[in-house]
Each structure stands twice: as structure tokens, then as C-alpha cells.
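Heads up: the structure comes next, in C-alpha cells.
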Amino acid sequence: MNSKTNFKIIVISISILALVSIGIKIKPVLDNYDNFNPEEVYKVNYNYFFKSANKNTVVKSYVPESNPRQRISHQKNISDHSLSFYKEPLNGGNERAVWKTDKNDTYYSLNYEFIFEGKEKRYFVPNDFKRNNKGYELYTLPTKNIQSEDSKIGALAAQLSKGAKNDKQVIKNIFDHVVNIPSAPIITLTDALTAIEQNKASCNGKSRLFAALTRNLGYPTRIKAGIILEKTNKRTSHAWVEIRINDQWVPFDGLNNHFAYLPANYLEIYIGDESFITHTANIQFDYTYQIDKVNHIAFLNMSNDQISALPGFSLWKLIDKGIIPMNSLRLLLLLPLGGLLVAFLRNIVGIKTFGVFLPALIAFSLIHTGFVAGIILFVALILLVGLISYPFDKIGLLYTPKLVISLTVMVTIMILAAYIGLKYNITWLTTLTFFPTIILTIAAERFSRSTVEDGYKIAIDKLVQTLIATAICYAVLSASWLPSILVIFPEIILLVITTAMILGRYIGIRWIEFYRFKPLLVAPVNK
């Protein structure tokens, strides 16, 4: 049996094994396909503790409902069975859980549990708003804590709207003013006027001031409350505002600087400037919110146990049991795919790059920094390392010491960039981490060495082609669904091997050469 036959047998055998293993999981995966695609999933527990009084005791708490950007499921009341429990729907789309007891001097522990699935949402804000507030007049009126008709509120609103060219600019001016008010973890209630007078506020004070200013100018505005979810136990809820803009409520968070945007981990619970929890007066009461992050596959509506029980082989248990973090497994699984992509670009297309895996690693770095900011950073690093390396090349330093010097300079720049980003609120500068800095430094050093060995023209040409390969890798590897696909179907790695084997036997003309040698490939026409 010759080598060509052996090659075919190996490739076909591995491919069949992979496809069969994938095939037995296709049906249960398709049956549980979920087009909601949440980005964050948490299990949330309201834990309330109280001692009943010498009369009927009541505890009430708002509970969340599903909407287009969040899904609430598996709601369970896990409390003492001697407590009466029910839910009451309220005006405005809110719902409240109610616990009652008629026993005196008795300790109770309440637990209300649910699963939150959320995704971020950005809203479009037009320059000019419709001025039809019919049906929403309530949200333009003053309240006890949102003193929109007070002269101080009116003066500030007039100042912030002066010179604004359109509605969007008015809202942006008010938003920026509220954002710039120093934040303070004030536990007591802060109304709109107090936020102005003391020039500091927590989320509720900033939200009330924001609402007062916009209501003063005729924009329907309401308070929205919920919890910012993170893996912890906490006692703090959160508040922001929503403005009625052209038939939809658009969120603005003046504490965390979210303009017409809600992150995926924002749990929306209720509407209105109300207390999250109310209870019978003068009772002993304490509470905490227990929040646990849930590993999930965005496109599957399945529990962890159901995913683990899928037929065939998957890597889900490694994530679910905390053996390998999702980010680390993501890198491990995507790296071979990125290498295959670069191998295709080099062997079939004919693109020349700095190494095989470097464009894929640079693409991973760009996922951390953002594509545009990362490319700018990459080119800047290359120029900087080139300047640094030039004098050391002249004095004859070896490659490794030069790389150490370059890396040290890059780490220094990273620290300075993070400091500048923090001081001047340049977010992308604060996202630089050790991993992308290392990768970008190595790439820059490769370019520097190429300029010495091959000259600037060839080095720049290879740099441009490396950037093209990096952009293609980024377009593929940044797909949010891809790591989940590889976790459920790790057999794809076997298909990567067989595809790479086929690429390894390719000896044809590269695509770029068809363009380069087109005049030679076109036969002359005999006259």
C-alpha cells in the first residue's frame, strides 16, 4: 500500500469519525436551539430575614419579568411553608411578591430564586424627538423627590439646554452634567435638589436629578430600578432613568456613564421611584442578594445537566466543573482554527505573514483591545520597537537581549497608557493587558528583524500582508458563537487536522500568483 493510499485512508477515517460524532449530537442541539442568545446568565436569590411583630406581618418585594433584552425563568419561592405567599400585579407593568404571617415573635427566612438571561442593548437616539406626550403626562410632572418645577432645577435646565441645536444635544448636555457629579455611596434618600446642593450623589440621587431636569424641559422621564449582576453577595440595588423618545423608552445611566445603552448584566426589576422592599414597620429585618454566574451556551435553551448529558463527547464538563476557565478554553480551541486559516492564506492564497500563528494571536489581542484601537496600537508599537531596535542593531546586540529590552519598554508603556486612560477616561487604554502586549511586542520585534535582514520594502510588504491575514482571522475568531460551537462539537478539531493534511499536500499555483503572472498565463493571440 503506497503513501498516497495511506494518506487517503487516514484522512477519510478521521473525517468519518469526526462527522459521526458530530452527527449524533446535531438533533438534540437543533431541538433545543434558542434564538434569544443571552450574553450573561445568573442565578439570583433574594434572601430576606425577619422576626414577625405582635400583629400580622407583611414583607413585599418587587420581582422581575421578561422583556426583549432579558428573560426570567425557573422562579421559585423557597420559604417557610407557614408563610402565605402570592404575587400581585401592579400598574405600570410591575409585579410584587408578598409574604404574610399572623404568628407573633417568630423568625423567618425568605428565599426567592430565579434565573436571569440578559443581553446588552444599544438604542438609537435621533437628533429631534416627537413632541406627542399624550398618555405619558404623568412622567412630565414633579414629585416629592423629583422637583422638576423648582426654580433651581429650572435654572440649571435652561443653562444646560442653552445653545443646544437639537433634542439629542439637550439630553447629552444633561447626561454629561449628571455623569460629572462626584459619585458617593450615600445610603439615605437623595432627592434632585439635594443632589444639586451637595454636588454628590449615588445612583438614586443622580437619577432623580436627571429626571427632574428632563421633565422640566418637557421630556417624559421615569425611574427604572434593578440590580447590576456580578458573582457576589450584595445589598445594593441600582437605579437609572428612561426617557420616552419616539415611541420607545430609552435608558440612561448617569452613574456608570451608559448613554442610551444597557449592559448585558443589568437586571431590570421595576419601574418607578419606589422602595425595592417594603415591610411592616418596627420589625427586625435584614437582607442580601446572592448572585451566582451560570455557565451557558448562548444558542441552547438547556440547563448545565442537560448539556452535560448530550450524547458523544463534549468539553462542557470541563467548564461546568471549573477545571478550565471559558476564556482559556476559548484560546485553546480557537488557536488551531486560526492556525488553519493562516495556513490556507499562506499556502493557497499566497499571503506572506510573520509566522503561522502570529496573525491569529494578534487577532486574539484585537478582541481584547478592539479592532480599530488594536490596529492603531499595533502599528504604533511596530514603529516604536523599530526605533528602539535600530541603535541596538548598530552596536551588535543579540536577538534575545533586544527582545527583553523591547518587552520592558512595552510593559512600561502599558502601565503609562493604563494610567492615562484612567485619568482621562479613555476606556480602551485601560483594557490593555499583559497577553496582547506580549503578542504585539513579539510581532513588532519580528518586523524590526525583517527590516534588518530583508530591507524596509520587503518588511513593510510583509507587514501589510500580516495585517490583512490578521483582519481575516479577527473576522472569524471574534464571532461570539464560535467558541460555544467548539465546546459542544470539539470533533471539529479533528476536521482541522484533516484539512491541514490536505493543505500540506497542495503543490498548485497560489491565487496571488495567478494575478502576478497573468501576462505569462494568457496565451498570445496569433494574427
Side-chain angles (χ1 to χ4, degrees), residues 60-72 87-97 118-150 153-154 156-158 160-161 164-175 178 191-193 195 203-226 237-254 258-262 266-276 278:
K60 298 182 179 182
S61 177
Y62 286 102
V63 292
E65 295 185 293
S66 298
N67 62 40
R69 63 156 295 275
Q70 73 176 27
R71 183 165 61 189
I72 308 300
K87 291 182 182 179
E88 58 178 7
L90 303 173
N91 293 333
N94 295 326
E95 187 174 45
R96 193 159 54 182
K119 48 190 176 182
E120 70 172 18
K121 186 170 183 180
R122 298 183 184 276
Y123 295 76
F124 171 72
V125 179
N127 287 331
D128 296 297
F129 305 167
K130 295 177 183 177
R131 287 294 179 172
N132 181 14
N133 295 336
K134 186 176 181 180
Y136 301 98
E137 296 87 354
L138 175 68
Y139 299 112
T140 62
L141 301 176
T143 66
K144 178 181 177 181
N145 297 317
I146 303 175
Q147 305 97 325
S148 55
E149 292 184 355
D150 187 272
I153 298 293
L156 181 57
L160 294 173
S161 61
K165 298 179 180 180
N166 50 52
D167 293 309
K168 181 178 180 179
Q169 187 60 58
V170 172
I171 300 302
K172 187 66 169 65
N173 291 348
I174 294 173
F175 178 82
V178 173
D191 60 29
L193 284 176
C203 60
N204 64 75
K206 288 193 172 195
S207 298
R208 292 185 181 108
L209 175 58
F210 198 126
L213 292 169
T214 51
R215 287 185 182 186
N216 179 272
L217 297 173
Y219 300 104
T221 307
R222 67 188 188 185
I223 304 292
K224 193 73 173 282
S237 56
H238 188 58
W240 59 96
V241 302
E242 291 182 330
I243 301 175
R244 188 74 182 178
I245 299 176
N246 295 2
D247 303 324
Q248 70 172 337
W249 290 103
V250 179
F252 299 87
D253 184 353
H258 297 316
F259 185 88
Y261 167 70
L262 277 187
Y266 269 45
L267 167 62
E268 302 174 62
I269 299 180
Y270 65 98
I271 299 163
D273 191 10
E274 308 289 341
S275 297
F276 192 156
T278 56

Considering all heavy atoms of both residues, which atom of [X] and which atom of [Y] are nearest to each other, and what is their separation?
{"X": "Glu268", "Y": "Pro64", "result": "O-CB, 3.4 Å"}
{"X": "Ser237", "Y": "Cys203", "result": "O-SG, 4.3 Å"}
{"X": "Ala239", "Y": "Asp253", "result": "O-OD1, 4.3 Å"}
{"X": "Asn133", "Y": "Gly218", "result": "ND2-O, 3.1 Å"}
{"X": "Arg215", "Y": "Thr143", "result": "NH1-CG2, 3.7 Å"}
{"X": "Leu217", "Y": "Arg131", "result": "O-NH1, 3.9 Å"}

Flag, side chain of [X] to backbone of [Y], donor-acceptor distance under 3.5 Å:
{"X": "Asn246", "Y": "Lys130", "value": "yes"}
{"X": "Ser66", "Y": "Ile72", "value": "yes"}
{"X": "Asn216", "Y": "Ser148", "value": "yes"}

Would you check if [X] and [Y] make a side-chain contact, meaning some heavy-atom pair closer than 4.5 Å?
{"X": "Val250", "Y": "Ile171", "answer": "no"}
{"X": "Glu274", "Y": "Asn94", "answer": "no"}
{"X": "Lys224", "Y": "Pro251", "answer": "no"}
{"X": "Arg244", "Y": "Thr140", "answer": "no"}
{"X": "Ile245", "Y": "Pro126", "answer": "yes"}
{"X": "Val241", "Y": "Ile223", "answer": "yes"}

So how far is it from [X] [atom1] to [Y] [atom2], rounded to the nearest 0.5 Å?
{"X": "Glu242", "Y": "Gln248", "atom1": "CD", "atom2": "CD", "value": "10.0 Å"}
{"X": "Arg96", "Y": "Ile269", "atom1": "CZ", "atom2": "CD1", "value": "13.5 Å"}
{"X": "Lys121", "Y": "Leu262", "atom1": "NZ", "atom2": "CG", "value": "9.0 Å"}
{"X": "Leu209", "Y": "Leu156", "atom1": "CG", "atom2": "CG", "value": "6.5 Å"}
{"X": "Leu213", "Y": "Ile174", "atom1": "CG", "atom2": "CD1", "value": "5.0 Å"}
{"X": "Leu160", "Y": "Lys172", "atom1": "CG", "atom2": "NZ", "value": "12.0 Å"}

Partner set under side chain to side chain donor-acceptor pair (under 3.5 Å) for Gln147, not counting sequence neighbours: Asp191
Test side chain to side chain contact (heavy atoms under 4.5 Å, CB included) applied to Asn132 - qualifying residues, sequence neighbours left out: Lys134
Atom CG of Asn91: over 12 foreign heavy atoms under 6.0 Å: no
Within 6.0 angstrom of Glu149 CD, more than 12 heavy atoms from elsewhere: no
Any residue meeting ring-ring contact (aromatic ring centres under 6.0 Å, His included) with Tyr136, in chain and number order, not counting sequence neighbours: Trp249
Partners meeting ring-ring contact (aromatic ring centres under 6.0 Å, His included) with Tyr270 (sequence neighbours left out): Tyr62, Phe276
Close aromatic pair by centroid cut-off 6.0 Å: Phe259 and Phe252: yes
Contacts of Asp273 that satisfy salt bridge (Lys or Arg N to Asp or Glu O under 4.0 Å) - sequence neighbours left out: Arg208
Side chains of Asp167 and Tyr219, donor plus acceptor under 3.5 Å: yes
Salt bridge (Lys or Arg N to Asp or Glu O under 4.0 Å) contacts in which one or both residues fall within residues 135-145, not counting sequence neighbours: none
